[in-house]
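What follows is a single structure, written as structure tokens, with notes after it.
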Amino acid sequence: SANIKALYVLGVNEGVMPAAFSDNGMLKDSERVELQKHNVFLADSIEDKVLKENYYIYSILSLPTDILEISWPIENIEGESLRPSQVVLRSIRKIFPDLKTNSYKYQPSENTDEYEKYVSQEISQKIDSCVNNDILGLKGTMVTTVSKLENYNKCPYMFLLTNVLNLKPREEATLKQTDFGNMIHDIAEEISQKIIELPDESGLDVYEDLVNEAYDKIKSDLGFAAYELTERDKCTVARVKQYASKSFMYIKKQISAGKFEVRDTEATFGYFDSKLKPIVIKPENPTDNLNTINIVGRIDRYDVMQAENGVDYIRIIDYKTSTTSSTITEHDIKAGVALQLLTYLNAVVDSYPNGKALPAAALYYTFDSDICSAKEHVSNVKKVLEEEKYRMNGYFLDDKDVIEAITGGEKFVLEQKKDSPKTADEFSQMKDTVYKNIEKASVNIAKGDYPVKPYTTSQKSTCTYCKMRSVCANCANVLD
């Protein structure tokens with residue numbers, strides 16, 4: 001450090017230097033102090049972190065002997081204004097009261113009109129068809145999944161970056177919400193059949209044992225397996241397992257309440273070893289590069305109820321661990337961002353001989369909503385009536401016998417909204433809408449058409465949770 005003559009410090013913004021710490025742990029600082037009195041040593045409190053942060057800042061800023069230059073951006077990549085760190089600047093100005101601040105802002109020196117035109121309009125990204133087809137490996141048949149096509153409809157440019165170019169954000173050694181989702185789905189895959197076979201009177205402890213056994217089996221394959229979990233992370237994982245155990249118990253209760261029987265779990269369609277046929281769509285205007293669209297996928301669970309006339313009624317259940325993605329609206333279906341649930345339903349129905357199967361329901365089952373808040377302080381978790389946490393939601397056939405067969409008269413099975421019941425004709429219309437959206441998205445992908453066009457409503461925007469915002473938002477003016 002004695003050899004450092006000049007030091008340039010970047011990004012000295014409020015909340016960055018010093019960092020802003022939030023109290024989202026399980027214990028309050030006063031509780032930590034009390035435990036320390038009894039020789040129980042824990043992670044640093046908020047006060048300890050602040051003191052250490054200030055010490056580190058002092059250590060860094062006191063390193064240079066000749067030049068110290070501090071800089072900060074005045075806005076982020078989305079155009080939102082940023083403030084400099086008043087803590088740092090105030091401390092330095094006490095030592096150097098005559099310190100001056102200079103402002104630098106980029107101004108294009110040439111082709112200003114073209115520059116303004118570029119940043120103020122929606123960018124239409126189009127890849128040469130030959131290059132696009134080489135990347136995608138298109139030779140007439142496109143084999144894809146509905147989740148990929150949903151991504152395209154949410155934002156074609158995001159699809160280009162994530163699904164075509166396979167760009168990924170830098171991995172961080174920390175627990176993320178997606179880790180919980182993968183963990184729950186892997187556990188569900190392990191124990192789904194065992195849950196079905198359990199006696200109805202099985203207590204919560206039985207489900208906890210199943211979850212713990214499954215977790216021990218799959219934990220080495222999870223995304224965070226290579227990380228050394230902190231004590232807090234271990235506690236979070238334990239909470240997720242606890243919430244999941246109760247969710248699995250309610251899955252069993254819902255199955256037992258109605259007349260539908262589980263026919264298959266983790267059922268694939270369209271693969272070489274699948275029992276269910278692929279969904280095959282022929283484009284209206286076929287080309288050499290695209291004349292057939294094969295949709296493949298994996299269904300979390302589908303149930304069957306056989307009517308007296310020999311017709312099977314099909315119920316699709318899709319497991320979700322995020323409350324933001326566990327609802328479906330007609331607007332989302334028409335926009336092509338909610339294709340999965342109905343596609344899965346049609347994949348099963350269409351695998352039957354014509355007229356031998358009818359759609360009964362396409363439903364989401366959201367695991368205990370507390371899983372979505374597992375990293376928050378327990379006092380911040382929203383309290384909801386227990387039966388409301390576990391009710392399935394989605395669309396179901398507007399037939400009292402079918403509804404009775406789903407619920408068994410129990411309130412904890414199904415959330416019945418005003419627009420949830422659908423007639424057979426409405427299910428057929430939604431199927432046509434979904435297939436048209438599949439065709440449209442597939443044709444546009446084959447053309448190499450990837451505009452920056454995020455799906456946005458008054459309640460949500462794809463850009464809000466997009467992992468590629470740092471790549472596109474500043475140049476395309478995606479966010480207002």
Side-chain angles (χ1 to χ4, degrees), residues 143-151 181-197 214 218 244 247-248 250-252 254-255 258 260-281 293-306 312-322 325-328 332-333 336-353 356-367 392-397 402 405-406 413-414 422 427 430-431 433-435 437-438:
V143 180
T144 187
T145 64
V146 283
S147 60
K148 290 182 179 180
L149 298 180
E150 284 180 348
N151 282 342
N182 294 335
M183 170 181 157
I184 295 299
H185 274 86
D186 288 351
I187 291 176
E189 187 173 354
E190 282 290 325
I191 68 174
S192 288
Q193 192 58 42
K194 295 178 181 177
I195 288 174
I196 297 168
E197 297 169 357
I218 58 98
S247 294
F248 284 120
Y250 268 85
I251 288 176
K252 173 62 177 179
Q254 291 173 353
I255 293 171
F260 279 81
E261 297 180 356
V262 177
R263 180 60 55 89
D264 204 354
T265 59
E266 298 298 323
T268 62
F269 63 93
Y271 295 102
F272 71 94
D273 58 346
S274 301
K275 297 177 183 178
L276 303 175
K277 298 185 297 184
I279 292 177
V280 180
I281 298 174
I293 305 164
N294 280 2
I295 303 298
V296 299
R298 182 186 298 271
I299 304 169
D300 287 336
R301 192 181 104 214
Y302 78 90
D303 308 336
V304 175
M305 180 192 70
Q306 190 171 60
D312 281 355
Y313 283 92
I314 308 300
R315 177 176 70 178
I316 295 294
I317 311 295
D318 192 39
Y319 296 144
K320 292 292 183 182
T321 54
S322 171
S325 61
S326 59
T327 57
I328 185 171
D332 289 343
I333 294 172
V337 298
L339 305 173
Q340 194 174 52
L341 205 55
L342 291 165
T343 301
Y344 289 173
L345 178 61
N346 294 323
V348 178
V349 172
D350 291 349
S351 291
Y352 278 73
K356 293 296 184 180
L358 293 173
L363 304 171
Y364 287 124
Y365 178 87
T366 305
F367 278 79
M392 296 181 287
N393 75 88
Y395 296 131
F396 49 85
L397 193 64
V402 171
I406 293 174
V413 177
L414 188 64
K422 299 293 180 184
F427 268 109
M430 289 192 294
K431 173 182 177 180
T433 301
V434 166
Y435 282 14
N437 278 322
I438 289 174

If we count only N and O atoms by modelled type, under 3.5 Å, do the side chains of Y271 and R298 hold a donor and an acceptor together? no
Check: D318/Y344 side-chain N/O donor and acceptor closer than 3.5 Å: no
Answer whether the closest heavy-atom distance between the side chains of I255 and R301 falls below 4.5 Å. yes
Exactly one of T145, V143, V280, L149 should register a side chain to side chain contact (heavy atoms under 4.5 Å, CB included) with I295. Which one does? L149
Can you confirm whether or not the ring centre of Y365 sits under 6.0 Å from the ring centre of F367? yes
Do I299 and F269 come within less than 4.5 Å of each other through their side chains, counting heavy atoms only? yes
Side-chain heavy-atom pair R263, V348 within 4.5 angstrom cut-off: no
Can you check whether F248 reaches I191 side chain to side chain, under 4.5 Å on heavy atoms? yes
Excluding sequence neighbours, so at least two apart, what forms salt bridge (Lys or Arg N to Asp or Glu O under 4.0 Å) with K148? none
If we only count heavy atoms from C-beta on, is the V304 to E261 side-chain gap below 4.5 Å? no
Considering only heavy atoms from C-beta outward, does the side chain of I406 approach that of M305 to under 4.5 Å? no
Once side-chain hydrogen bond (donor to acceptor under 3.5 Å, both in side chains) is applied, do any residues pair with T268, and if so which ones, sequence neighbours excluded? S274
Start with the C-alpha distance between I317 and M392, add both sets of side-chain angles, then the distance that settles side-chain contact (heavy atoms from CB on, under 4.5 Å), and finish with yes or no. CA-CA 8 Å; I317 311 295; M392 296 181 287; 3.4 Å; yes
Answer whether the closest heavy-atom distance between the side chains of I438 and L339 falls below 4.5 Å. yes
E150 versus T343: any side-chain heavy-atom pair under 4.5 Å? no
What residues, two or more places apart in sequence or in another chain, satisfy salt bridge (Lys or Arg N to Asp or Glu O under 4.0 Å) together with D332? K460
